[in-house]
There are 2 protein chains.
Amino acid sequence: MTIVGNPMGQSTPELEDAIHEKIRAAGLRLTMPRRAICAVLAVNDEGFLTTQEILGRIGEQGVPIDPSTAYRTLDDLAKIGLIHLVHLGSSPGRWHLTVEHDHQHLVCEICGKTTLVPTAEIQPMFDQLRERYGFQTRHHHFAIMGHCETCSESEEHDHA
Amino acid sequence: MTIVGNPMGQSTPELEDAIHEKIRAAGLRLTMPRRAICAVLAVNDEGFLTTQEILGRIGEQGVPIDPSTAYRTLDDLAKIGLIHLVHLGSSPGRWHLTVEHDHQHLVCEICGKTTLVPTAEIQPMFDQLRERYGFQTRHHHFAIMGHCETCSESEEHDHA
DNA sequence: CTCGCTGTTGCAAGAAGTTGCAACAAGAAT
DNA sequence: ATTCTTGTTGCAACTTCTTGCAACAGCGAG
């Protein structure tokens with residue numbers, strides 16, 4: 001899967017400002033490591049990065065930060081809802097800016113293929129969960145695991 | 001959350017036999033470490049165990065196995081669909097026997113509370129994904145993250 | 001029952017992720 | 001602009017997870 005976000009590979013100042021504002025609003029201090037992490041995430045506002053990848057990019061383009069700081073900071077940002085962790089299959093989780101995206105992901109466990117589905121198609125289920133259980137589904141960007149069409153078909157052949 | 005499976009804390013021979021059969025059917029060898037792991041999972045056929053917990057239980061009740069073996073074996077068992085990994089929030093994933101359970105999980109990101117929802121309520125969505133995308137949702141036991149009723153309400157108060 | 005092929009295991013080394021703590025700096029108060 | 005408070009950081013030690021590899025043991029063939 002390749003999910004490319006910002007085609008220019010550059011962060012928009014507006015997005016970064018909005019992020020900084022959220023950090024302050026949550027009562028957190030705006031430090032250098034946090035700026036660096038947010039900058040990387042802002043450039044990839046549609047992407048999914050592992051902690052290692054984030055560390056790598058920060059190292060490439062300036063003053064590296066300590067891994068432990070990255071792990072802790074990412075947890076903190078997740079706690080205030082700015083980002084969240086997505087587990088696409090097993091393998092290390094990937095961080096992602098929390099934005100109300102208009103699509104969800106169907107991830108094939110066999111070939112890894114990712115299919116995008118308009119959130120509208122799933123919204124009814126979210127609404128239902130809210131009505132019946134008072135449950136607010138969050139970061140509507142979660143992965144549904146299963147087998148894609150192609151892999152489902154080859155499976156049937158195998159069983160034949 | 002406390003999910004207790006087999007009330008006797010004992011594995012049923014039938015379940016273990018069925019598991020062994022699946023392992024053989026997949027072309028994998030039935031070795032001692034694999035038996036041990038399956039035994040632990042079979043006792044907790046409704047439970048969710050981390051790799052560490054599995055290692056711990058095996059160590060308690062007999063010959064311990066090497067951690068690396070456990071990690072690899074669990075991956076292998078997941079590959080053949082016998083078990084799967086569930087990420088309830090962040091924190092290490094938990095392994096779980098793949099059975100067609102009749103419920104799903106709504107996990108609150110704030111208080112950790114888990115609500116069970118009959119699969120029947122979500123089945124329509126799965127059916128729809130299959131019709132439109134040919135996507136077969138697997139191990140119908142996945143976690144939907146969000147905020148539970150109680151936490152949603154306190155959030156509103158905070159904003160007031 | 002024994003042999004042989006090859007999937008598995010345990011070990012060891014390394015990478016990734018966590019935790020405690022003293023030094024540091026963001027930002028409010030003055 | 002300076003000081004003070006306290007949330008954060010970087011370091012170091014540790015735990016957890018991964019990977020390469022030689023020795024081992026399922027299990028099918030003979």
> Measure all distances between protein nitrogen or oxygen atoms and nitrogen or oxygen atoms of nucleotides 11-14 of chain D, and list the pairs falling under 3.5 Å.
residue: D:dC11; atom: N4; partner: A:S68; partner atom: OG; Å: 3.3

> B:T73 side chain to B:T69 main-chain N or O, any donor-acceptor pair under 3.5 Å?
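Yes, B:T73 side chain to B:T69 backbone: donor-acceptor pair under 3.5 Å.
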
> On DNA chain D, check which nucleotide each of A:P33 and B:Q52 is closest to and give me the residue with the more 5' one.
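Taking each residue's closest nucleotide, the earlier one in sequence belongs to A:P33.
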
> Name the nucleic acid region contacted by A:T73, choosing base, sugar-phosphate or nothing; use a 4.0 angstrom heavy-atom cut-off, strictly under.
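Touches sugar-phosphate only.
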
> Keeping A:Q61 on the side-chain end and A:I58 on the backbone end, is there a donor-acceptor pair under 3.5 Å?
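Side chain of A:Q61 to backbone of A:I58, a donor-acceptor pair under 3.5 Å: no, none is there.
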
> Any donor-acceptor pair under 3.5 Å linking the side chain of A:R34 with the backbone of A:R29?
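Indeed, once roles are kept as given, a pair shorter than 3.5 Å links the two residues.
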
> Given atom CG of B:D75 and atom C1' of C:dT8, what is their separation to the nearest angstrom?
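It works out to 14 Å between those atoms.
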
> Taking the side chain as every heavy atom from C-beta outward, state whether A:R94 and A:L85 have any atom pair closer than 4.5 Å.
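Not touching, per the 4.5 Å side-chain cut-off.
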
> Between B:T98 (side chain) and B:G81 (backbone), is there a donor-acceptor pair under 3.5 Å?
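Pair found, side chain donor or acceptor close to backbone of B:G81.
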
> Encode nucleotides 24-30 of chain D as B, S and - characters from 5' to 3', where the letter depends on protein heavy atoms closer than 4.0 Å: B to the base, S only to sugar-phosphate, - to neither.
-BBS---

> List for me each residue that meets side chain to side chain donor-acceptor pair (under 3.5 Å) alongside B:E21, sequence neighbours excluded, and say none if there are none.
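Checked B:E21 against side chain to side chain donor-acceptor pair (under 3.5 Å); zero matches.
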
> Does any N or O in the side chain of A:E121 come within less than 3.5 Å of the main-chain N or O of A:P118, such that one atom is a donor and the other an acceptor?
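No; zero donor-acceptor contacts below 3.5 Å.
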
